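Below is one structure, written out as structure tokens, with a few remarks after it.
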Amino acid sequence: MRIPVSLMLLVLLSCRSKTATESEMNFYLADPDNGLRKTLVKEDVNLEISYRPRELVFIRESRKDQQPATLDSMDYFMFRLSRNGKVIEHIYGADQAEYNRVISYLDGELGNDIYLQRDGTIIYPAGVSLMPSVNTAGASTIILVFKSALRKYDGEFTIMFNDSMFGTGQTDFEFNSRDIKRVPSLKII
């Protein structure tokens with residue numbers, strides 16, 4: 001009898017003191033059953049958004065010197081875009097002007113087209129940052145920072161993307177704050 005990997009991880013994490021290593025955390029976040037990652041395909045564009053605990057973001061960014069208390073209201077999401085399985089900005093590489101326009105959009109202007117909505121309140125990102133990609137990445141990765149305090153919020157919320165660059169129109173990604181509250185703490189080794 002085969003036991004699903006997500007069930008094994010759930011049992012493993014529930015037997016512990018609700019902490020996870022970086023590897024366990026990444027596995028937990030990637031599991032669609034945990035409600036923290038949403039993926040849609042529109043036309044030939046793959047859109048994926050996933051919640052990222054701030055502790056994991058700071059380990060990745062080597063910014064451990066930040067004061068966690070001042071960041072309690074900040075929520076991080078990783079937004080990935082690809083077209084036909086390729087990093088979206090690389091598709092425009094043959095035309096330098098168009099490539100620069102896409103980079104400018106992904107590294108800031110996208111913040112005008114994406115927002116978090118909860119209880120009728122619209123929250124635009126406090127930060128938008130395009131992560132450097134290599135040809136093996138398969139998708140453009142943008143870190144979105146919202147001042148939304150989702151761990152203190154009870155209920156559903158939606159991240160809405162009104163694409164003005166790639167022709168996908170409006171895309172809604174629905175989440176529930178209870179899924180964020182279930183994320184184990186990161187065990188810092």
Side-chain angles (χ1 to χ4, degrees), residues 6 9-10 12-14 16-40 47-81 105-131 139-164 168 170-189:
S6 59
L9 183 61
L10 179 65
L12 178 68
L13 290 175
S14 63
R16 297 179 146 181
S17 59
K18 299 229 178 192
T19 62
T21 64
E22 183 178 356
S23 176
E24 291 168 335
M25 178 71 79
N26 284 321
F27 189 78
Y28 182 88
L29 296 170
D31 186 341
D33 292 339
N34 293 322
L36 301 168
R37 188 181 99 200
K38 309 295 180 179
T39 303
L40 295 167
L47 304 112
E48 177 185 307
I49 194 158
S50 60
Y51 174 75
R52 308 306 287 176
R54 75 169 181 256
E55 299 88 356
L56 188 60
V57 171
F58 288 125
I59 283 177
R60 294 261 167 121
E61 295 300 308
S62 300
R63 297 187 329 206
K64 297 176 188 174
D65 59 329
Q66 297 282 344
Q67 295 294 321
T70 63
L71 301 172
D72 283 344
S73 66
M74 304 306 253
D75 293 298
Y76 298 82
F77 288 84
M78 185 169 62
F79 187 41
R80 294 174 46 91
L81 296 163
Y105 178 76
L106 294 174
D107 200 31
E109 294 169 23
L110 179 134
N112 298 321
D113 288 351
I114 197 162
Y115 57 90
L116 187 148
Q117 183 173 4
R118 66 170 197 221
D119 295 334
T121 301
I122 292 174
I123 303 168
Y124 283 92
V128 174
S129 181
L130 175 64
M131 304 305 291
S140 305
T141 302
I142 301 101
I143 298 294
L144 304 169
V145 183
F146 294 97
K147 191 172 185 174
S148 49
L150 293 172
R151 283 191 176 266
K152 296 177 183 175
Y153 174 71
D154 288 317
E156 296 177 350
F157 64 95
T158 304
I159 295 180
M160 303 174 112
F161 177 48
N162 294 309
D163 179 12
S164 66
T168 63
Q170 181 173 321
T171 305
D172 298 349
F173 301 94
E174 296 179 1
F175 292 89
N176 195 306
S177 64
R178 77 171 177 267
D179 296 324
I180 290 174
K181 291 175 183 180
R182 290 181 187 152
V183 173
S185 297
L186 185 64
K187 184 188 314 178
I188 307 215
I189 300 173

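Residue numbers start at 1 and run along the sequence shown. Just so you know, these numbers come straight off a predicted model, no measurement behind them.
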ring-ring contact (aromatic ring centres under 6.0 Å, His included) involving Y115 - partner list, sequence neighbours excluded: Y124
pair N34-D179: side-chain heavy atoms closer than 4.5 Å: no
Heavy-atom side-chain contact between S129 and I142 under 4.5 Å: no
Side-chain touch L116/F175, heavy atoms, less than 4.5 angstrom: no
Shortest non-hydrogen separation from L106 to L81 and the atoms involved: CD2-CD1, 3.8 Å
Rounded distance [0.5 Å steps], CG in N26 versus OG in S50: 9.5 Å
E109 side chain reached by V128 side chain, heavy atoms, under 4.5 Å: no
Point-to-point distance, once rounded to the nearest 0.5 Å, from CD1 of I114 to CG of N162: 9.0 Å
Side chain to side chain donor-acceptor pair (under 3.5 Å) against E174, all qualifying residues, sequence neighbours excluded: none
Flag, side chain of D31 to backbone of D33, donor-acceptor distance under 3.5 Å: yes
Side chain to side chain contact (heavy atoms under 4.5 Å, CB included) evaluation trace for T19 with S185: CA-CA 5 Å; T19 62; S185 297; 4.2 Å; yes
Residue pair F77 / K38, side-chain heavy-atom distance below 4.5 Å: no
Residue pair L186 / E24, side-chain heavy-atom distance below 4.5 Å: no
CG on D163 to OH on Y105, rounded to 0.5 Å: 5.0 Å
Donor-acceptor contacts, no H, no angles, side chain residues 143-159, under 3.5 Å, sequence neighbours left out:
{"residue": "S148", "atom": "OG", "partner": "D75", "partner atom": "OD2", "Å": "2.6"}
{"residue": "Y153", "atom": "OH", "partner": "D119", "partner atom": "OD1", "Å": "3.1"}
{"residue": "Y153", "atom": "OH", "partner": "D119", "partner atom": "OD2", "Å": "3.2"}
{"residue": "Y153", "atom": "OH", "partner": "E156", "partner atom": "O", "Å": "3.1"}
{"residue": "D154", "atom": "OD1", "partner": "K181", "partner atom": "NZ", "Å": "2.2"}

Rounded distance (nearest 0.5 Å) linking atom CZ of R80 with atom CD1 of I49: 12.5 Å
Ring centres under 6.0 angstrom apart (F79, F161): yes
Side-chain (R37) to main-chain (A30) donor-acceptor, under 3.5 angstrom: yes
Closest contact, heavy atoms only, G111 versus P125: O-CD, 3.5 Å
Considering all heavy atoms, the nearest M25-P53 contact: SD-CG, 3.9 Å
